[in-house]
**Student:** 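Structure provided below as structure tokens; questions to follow.
Here, residue 1 is the first one in the sequence, and each next residue gets the next number. Hydrogens, waters and symmetry mates are skipped; everything else that's a heavy atom, side chains included, is used. Nothing here was measured: the structure is a model prediction, and the numbers come from that model.
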Amino acid sequence: KKEEEKQKKKDAKNVKQKEKELEEEEKEEEDGLPDLEKVTVGNTHKGLAKDKHEWKVFVKGSTEEEDALLAKKVSKVEFELHETFSPNQFCRKQPPFEVSR
């Protein structure tokens with residue numbers, strides 16, 4: 001009986017693993033591309049002369065491969081800045097997905 005229980009547990013584990021593999025395959029089949037592992041949304045700022053600043057907001061992958069995949073999977077990135085900026089809305093339809101000022 002213990003042997004049967006061990007086999008049932010092993011079978012259940014194999015079924016769960018197979019279900020996970022199928023889910024991953026289905027995700028890849030949606031667009032034929034693997035999922036992005038990590039996407040970074042961030043910004044940089046650099047103070048220049050008095051009352052002068054340089055900054056950038058961006059969306060990018062964590063590696064060059066992820067950047068290339070991001071370019072294939074993302075059709076556009078829309079940025080909406082604070083209303084005090086004019087213009088304050090930007091749309092980037094190809095990499096680099098960023099806005100600098």
**Student:** Measure from the side-chain N and O atoms of Glu83 to the backbone N and O of Asn88, and report whether any donor-acceptor pair falls under 3.5 Å.
**Tutor:** no
**Student:** Decide yes or no on side-chain contact (heavy atoms from CB on, under 4.5 Å) for Glu37 and Glu66, but give the supporting numbers first.
**Tutor:** CA-CA 8 Å; Glu37 293 294 320; Glu66 289 280 306; 3.9 Å; yes
**Student:** What distance separates Lys73 NZ from Leu36 CG, expressed to the nearest 0.5 Å?
**Tutor:**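 Answer for the NZ-CG pair, Lys73 versus Leu36, is 6.0 Å.
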**Student:** For residues Val99 and Arg92, determine if any side-chain heavy atom of one lies less than 4.5 Å from a side-chain heavy atom of the other.
**Tutor:**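 Side-chain contact under 4.5 Å: yes.
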**Student:** Do Phe58 and Val39 sit in one hydrophobic cluster, given that two such residues count as connected whenever their side-chain heavy atoms are within less than 4.5 Å of each other, even indirectly?
**Tutor:** no
**Student:** Which value, rounded to the nearest 0.5 Å, describes the distance between Arg101 atom CZ and Glu54 atom CD?
**Tutor:** 13.0 Å
**Student:** Show the atom names and distances, to 0.1 Å, of all donor-acceptor pairs under 3.5 Å that link a side chain in residues 42-52 to residues at least two apart or in another chain.
**Tutor:**
residue	atom	partner	partner atom	Å
His45	NE2	His53	ND1	2.8

**Student:** Output the distance between atom NZ (Lys76) and atom NZ (Lys93), rounded to the nearest 0.5 Å.
**Tutor:** 6.5 Å
**Student:** Going by the ring-ring contact (aromatic ring centres under 6.0 Å, His included) test, which pairs reach into residues 71-101, not counting sequence neighbours?
**Tutor:**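 Every pair satisfying ring-ring contact (aromatic ring centres under 6.0 Å, His included) with a residue in residues 71-101: Trp55-Phe85.
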